[in-house]
*Asks:* 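Before anything else, here's the structure in question.
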Amino acid sequence: MTDPQRRRFLIGLTVGGAATVAGPIAMWRYTGGHGHSLGPLPDLQSLPPDARFVQPLRIPGGDGLMAEIDLRKPLELSAQVVGQALFPGPPTQLWSYAAGTALNPLLRARRGDSIDVGLSNRLSEDTTVHWHGLHVDEANDGSGLHPVAAGGQRRYRLRVDNRAGLYWYHAHPHGRTGKQLQHGLAGLLLVEDAEELALRQRLGLRWGERDLPLMIADKQVDARNAIVYKDGADDWIGNRVLVNWTPEPYLDVIPAWYRFRLANVSNARLLRPCFLHEDKPLPMLLIGSDGGLLERAWPIDDLFLAPAQRADVLVDFGALKPGAKAVLRSLDYVAMENEDESGAFAPDPMGDHPGAAAMGAPLDLMELRVIECATERPPAKLPPLDAMAQVPPPPDTADWPVRALRLRMDEQGRWFINDWNFHLSGHAPAFTVKRGTREVWEIRNSMTSMPHPMHLHGFQFRVVSRAISPPDIRGRQVAPGGLTPQDLGWSDTVVVWPGEIVRLAIDFSQPFSGVQRYMLHCHNLEHEDMGMMLTFAVAD
């Protein structure tokens, strides 16, 4: 049985079945496919308390990893391997976008800015810079349609025509995206506009202090601190959690409201983030999604955050006393990995991921330590958050043409969108959309499947309905059509659960001319690399 055919045990056996909470996973030995043992792997969930949450969270700015760079001036990036002291012991060889001493910098831009970024590829294989979530033309999208060869160079010149929000950039070479992201090629892009600046002034939460990005990724790390990746493996999940490139960090907070911009940049792990104190959720408000601010704030206890998705939340530590601790935890959930068309389950489903918590199992991401508020007395209440931004309701799509897309697996364990698999279909567009038209894309996921975070290049969309959703999604409905709070803004990535039907409204208006090719793919990167991706064209 080939690796793409290997299926893991079902975490959720049926829609609405009970979640299985795994206990600590035993230590494993892993040969990494090279015939030599790497020794016992770190098992995050069984580490003693004094070995966890010992590094302070990396804050953007300054130098090194996540240094902030303003894009008002041209920027030169080089994709290269750099040794970094991420963990105690030997340095980790991190694949990075370097700009001088800045690595994977947090880039800042304003809506309407024209940006100019050069890429020099110092790796030994093709790579790109994909501007995830931005409205761009094909030449500047950074997809695998335009790879930058080893030793090659390319310039990306584009106008930022997106609402304010947290976007990101990452490598996107065909067949190698999972490997390159797992090894580190990703960074954040913060876009600002008038609505965002007005809200920031109303909230009074200073960026870098009580307004922070949390870039979350799990990595498979061996005993010598090397990031491990196996080509052809399925759903790569890790045994260590990095938040802002900091393993299992802690953050000192005062008893007040904080704003966190969450971004899941994992290869495959879907998260269910929740801020807990003594196992009780702290007050949290969802104020934004992939494409920026929502019209109003929505109280939530937790949310689902799939690979590539972002969420903008406010969290209240105001009721906690100095000395108290809270935790950012991914709660357990029914993973619904209902894949059974490719044969019997492998006898060792975690063999490729030693020490990793199974998909859907609880996972602690970060600790928050409450300290005395010595320099300020923040207000206990937030200002009204019922008119943060102008977000129209989902459009009336009754007269829009519908394009049906089905997510499925064949008997050989290959993922398809309808009958398209990129390894079989290639670069040729599966279909062409007339520029300026509006369509409904109806994405139906097979029951014998798993949750697929579907990402659209070049355009953002509105979710207009969900049907046949699993109970935990139906229970989050706040608007007609089965919509959850996360569905009420602009999105570029949407999770479609097994058996679910999700309808998207997409406006294909754009200022570009000629034929523009884009991708639709699953942002579980191993699925993408195995061909769960299609090319479509937009033309006059």
Side-chain angles (χ1 to χ4, degrees), residues 3-4 6 8 30-34 38 41-42 44 65-66 79-84 86-87 91-98 103-104 121 123-130 132 142 144 168-188 215-248 263-271 305-309 350-359 363 365 453 455 521-530 532-533:
D3 280 315
R6 181 186 55 77
R8 290 178 304 276
Y30 180 55
T31 64
H34 302 292
L38 298 178
L41 273 284
L44 171 61
L65 278 167
M66 292 193 80
Q80 62 188 68
V81 181
V82 181
Q84 285 293 294
L86 296 180
F87 309 95
T92 298
Q93 297 302 301
L94 192 69
W95 296 26
S96 307
Y97 292 111
L103 302 177
N104 293 338
N121 184 6
L123 304 174
S124 60
E125 61 187 57
D126 291 358
T127 194
T128 72
V129 181
H130 168 51
H132 186 110
W168 62 304
Y169 61 97
H170 61 81
H172 203 300
H174 290 333
R176 308 292 284 174
T177 303
K179 176 181 178 179
Q180 293 195 6
L181 261 74
Q182 180 68 188
H183 281 289
L185 280 173
L188 299 179
M215 181 178 175
I216 305 168
D218 61 337
K219 305 291 182 185
Q220 189 67 29
V221 181
D222 72 17
R224 293 196 290 270
N225 292 340
I227 295 175
V228 176
Y229 191 77
K230 182 178 178 181
D231 290 332
D234 191 19
D235 302 353
W236 198 256
I237 57 176
N239 56 6
R240 302 299 296 269
V241 176
L242 299 179
V243 183
N244 293 357
W245 303 108
T246 314
E248 302 93 44
N264 184 350
V265 300
S266 302
N267 276 44
R269 188 182 293 279
L270 190 152
L271 301 170
L305 197 68
Q309 287 187 309
M350 294 298 290
D352 285 335
H353 315 106
M359 196 81 80
L363 185 63
L365 309 175
H455 170 52
H521 66 83
C522 178
H523 221 286
N524 178 318
L525 298 179
E526 284 65 55
H527 294 183
E528 173 189 331
D529 287 340
M530 290 192 299
M532 196 176 188
M533 175 167 61

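Here the structure is a predicted model, which is why all the values come from computation and not from measurement.
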*Asks:* May I ask you to decide if Gly184's main-chain N or O and Trp245's side chain share a donor-acceptor pair within less than 3.5 Å?
*Replies:*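 Answer holds: no.
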
*Asks:* Where do Thr128 and His170 land on the side-chain contact (heavy atoms from CB on, under 4.5 Å) test, with the steps shown first?
*Replies:* CA-CA 8 Å; Thr128 72; His170 61 81; over 6 Å; no

*Asks:* Indicate the atoms forming the closest heavy-atom contact of Gln93 with Gly83, along with that distance.
*Replies:*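 Reported closest heavy-atom pair: NE2-CA, 3.7 Å.
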
*Asks:* Do Gln180 and Thr127 have side-chain N/O donor and acceptor atoms under 3.5 Å apart?
*Replies:*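 Thr127 and Gln180 do have a side-chain donor-acceptor pair below 3.5 Å.
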
*Asks:* Is it true that the side chains of Thr177 and Glu528 contain a donor and an acceptor less than 3.5 Å apart?
*Replies:*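 Yes, a side-chain donor-acceptor pair sits under 3.5 Å.
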
*Asks:* Go through the steps for Ile227 and Gln182 under the test side-chain contact (heavy atoms from CB on, under 4.5 Å), then give the verdict.
*Replies:* CA-CA 7 Å; Ile227 295 175; Gln182 180 68 188; 3.8 Å; yes

*Asks:* Can you tell me if Thr92 uses its side chain to pair, donor with acceptor, with the backbone of Asn225 under 3.5 Å?
*Replies:*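 Side chain of Thr92 to backbone of Asn225, a donor-acceptor pair under 3.5 Å: yes, one is there.
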
*Asks:* Output the distance between atom CG (Leu181) and atom OG (Ser266), rounded to the nearest 0.5 Å.
*Replies:*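 Taking CG in Leu181 and OG in Ser266, the distance rounds to 10.0 Å.
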
*Asks:* Please check if the side chain of Asn239 supplies one atom and the backbone of Val221 the other of a donor-acceptor pair under 3.5 Å.
*Replies:*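 Yes; judged by distance alone, with no hydrogens or angles, the pair exists.
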
*Asks:* Using side-chain contact (heavy atoms from CB on, under 4.5 Å), reason through Leu86 and Leu94 one step at a time and then give a plain yes or no.
*Replies:* CA-CA 9 Å; Leu86 296 180; Leu94 192 69; 4.3 Å; yes

*Asks:* Evaluate the criterion ring pair (Phe, Tyr, Trp, His ring centres under 6.0 Å) for residue pair Trp168 and His523; output intermediate values, then yes/no.
*Replies:* CA-CA 13 Å; Trp168 62 304; His523 221 286; 5.7 Å; yes

*Asks:* Hey, does Met66 have a side-chain heavy atom less than 4.5 Å from the side chain of Leu188?
*Replies:*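 Heavy-atom side-chain distance check passes, below 4.5 Å.
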
*Asks:* Please find the pair of heavy atoms, one from Ala79 and one from Leu185, that lie closest to each other, and give the distance.
*Replies:*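 Reported closest heavy-atom pair: CB-CD2, 4.4 Å.
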
*Asks:* So, the side chain of Arg269 versus the backbone of Asn264: is there a donor-acceptor pair under 3.5 Å, distance only?
*Replies:*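 Looks like no, no N/O pair under 3.5 Å.
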
*Asks:* If you look at every heavy atom in Ala268 and Met359, which pair is closest and at what distance?
*Replies:*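 Smallest heavy-atom distance, with atoms named: O-CE, 3.5 Å.
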
*Asks:* Within a strict 4.5 Å, meaning less than it, do heavy atoms of the Leu242 and Asp218 side chains meet?
*Replies:*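 No, side chains not in contact.
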
*Asks:* Decide side-chain contact (heavy atoms from CB on, under 4.5 Å) for Ile216 and Leu365; before the verdict, give the C-alpha distance in whole Å, the side-chain angles of both, and the deciding distance to 0.1 Å.
*Replies:* CA-CA 8 Å; Ile216 305 168; Leu365 309 175; 4.2 Å; yes

*Asks:* Going by distance alone, is a donor N or O of one side chain under 3.5 Å from an acceptor N or O of the other, for Asn524 and Asn267?
*Replies:*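 No, because no side-chain N or O of Asn524 sits under 3.5 Å from a partner of the opposite role on Asn267.
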
*Asks:* Does Tyr97 reach the main-chain N or O of Tyr169 with its side chain, forming a donor-acceptor pair under 3.5 Å?
*Replies:*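 The answer is no, because no donor-acceptor pair under 3.5 Å joins these two groups.
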
*Asks:* Measure from the side-chain N and O atoms of Gln220 to the backbone N and O of Arg240, and report whether any donor-acceptor pair falls under 3.5 Å.
*Replies:*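 Pair absent, no side-chain N/O of Gln220 close to backbone of Arg240.
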
*Asks:* What is the minimum heavy-atom distance between Ala217 and Val265, and which atoms define it?
*Replies:*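 Residues Ala217 and Val265, closest heavy atoms: CB-CG2, 3.6 Å.
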
*Asks:* Under 6.0 Å between the ring centres of His132 and His455?
*Replies:*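 When the ring centroids of His132 and His455 are compared, they turn out to be within the sub-6.0 Å range.
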
*Asks:* Do the non-hydrogen side-chain atoms of Lys219 and His183 ever get within less than 4.5 Å of each other?
*Replies:*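 Side-chain contact under 4.5 Å: no.
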
*Asks:* For Gly142 versus His172, what's the shortest heavy-atom pair and its separation?
*Replies:*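 Where Gly142 meets His172 most closely, the heavy atoms are O-CB, 3.4 Å.
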
*Asks:* Go through Asp231 and Arg176 one step at a time and tell me if the salt bridge (Lys or Arg N to Asp or Glu O under 4.0 Å) criterion holds.
*Replies:* CA-CA 8 Å; Asp231 290 332; Arg176 308 292 284 174; 3.3 Å; yes

*Asks:* Which heavy atom of Glu526 sits nearest a heavy atom of Trp236, and at what distance?
*Replies:*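 Looking at all heavy atoms of both residues, the closest pair is OE1-N, 2.9 Å.
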
*Asks:* Just checking His174 against His521, ring centres under 6.0 Å apart?
*Replies:*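 No.
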
*Asks:* Distance-only, no hydrogens or angles: does the Asn244 side chain make a donor-acceptor pair with backbone N or O of Met215 under 3.5 Å?
*Replies:*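 Judged by distance alone, yes, a pair lies under 3.5 Å.
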
*Asks:* Kindly say whether Ala306 contributes a backbone atom to a donor-acceptor pair with the side chain of Gln309 at under 3.5 angstrom?
*Replies:*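 Answer holds: yes.
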
